[in-house]
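What follows is a set of notes on a single structure, which appears directly below.
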Amino acid sequence: MIMVNLDVMMAKRKMSLSQLSEKVDVTLANLSILKNNKAKAVRFSTLEAICAALDCQPGDILEYVPEEKP
């Protein structure tokens, strides 16, 4: 599973969701879906804009977590 650690990077940069939304021109609703790990996909252009706004790398936001097998 891919985890989105957007909230962690936002906290490190002291940036609110609404501030990030304005900088990357993505709706609050869509950023919230991404932040809460509900997104099924993310466009590279969106990821690039987020990384530029937060001055970070994609790996700072995205993390692979192996799923436990039953």
Side-chain angles (χ1 to χ4, degrees):
M1 161 193 314
I2 301 295
M3 295 291 296
V4 180
N5 298 316
L6 187 56
D7 51 346
V8 174
M9 283 309 300
M10 288 170 44
K12 285 182 180 179
R13 301 297 189 252
K14 296 181 173 71
M15 188 177 296
S16 71
L17 199 61
S18 59
Q19 289 171 319
L20 183 60
S21 174
E22 288 178 18
K23 285 185 176 236
V24 299
D25 197 28
V26 174
T27 66
L28 274 172
N30 284 338
L31 279 180
S32 182
I33 288 169
L34 189 60
K35 184 178 85 104
N36 293 317
N37 285 299
K38 303 291 185 198
K40 299 288 183 202
V42 61
R43 292 180 187 205
F44 280 162
S45 58
T46 301
L47 185 58
E48 183 178 2
I50 290 170
C51 287
L54 294 174
D55 189 30
C56 66
Q57 293 294 313
D60 296 328
I61 298 170
L62 303 175
E63 176 185 7
Y64 171 70
V65 179
E67 293 186 35
E68 293 183 19
K69 296 180 181 172

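All values below come from the heavy atoms of this structure, side chains included, with hydrogens, waters and symmetry mates left out.
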In terms of hydrophobic clustering (I, L, V, M, F, W, Y; side-chain heavy atoms under 4.5 Å; direct or indirect links), are I2 and L34 co-clustered? yes

Grouping I, L, V, M, F, W and Y whenever their side-chain heavy atoms are under 4.5 Å apart, do L20 and L28 come out in a common cluster? yes

Partner of K12 by side-chain contact (heavy atoms from CB on, under 4.5 Å), out of M9, M10, K14: M9

Would you name the heavy atoms of M15 and Q19 that are closest together and state the gap between them? CA-OE1, 3.3 Å

Rounded to the nearest 0.5 angstrom, the CG-CG distance for D7 and L17 is 10.0 Å

Return a table of donor-acceptor pairs under 3.5 angstrom between the side chains of residues 42-68 and protein atoms on other chains or two or more places apart.
from	atom 1	to	atom 2	distance (Å)
D60	OD2	Q57	N	2.8
E63	OE1	N5	ND2	3.0

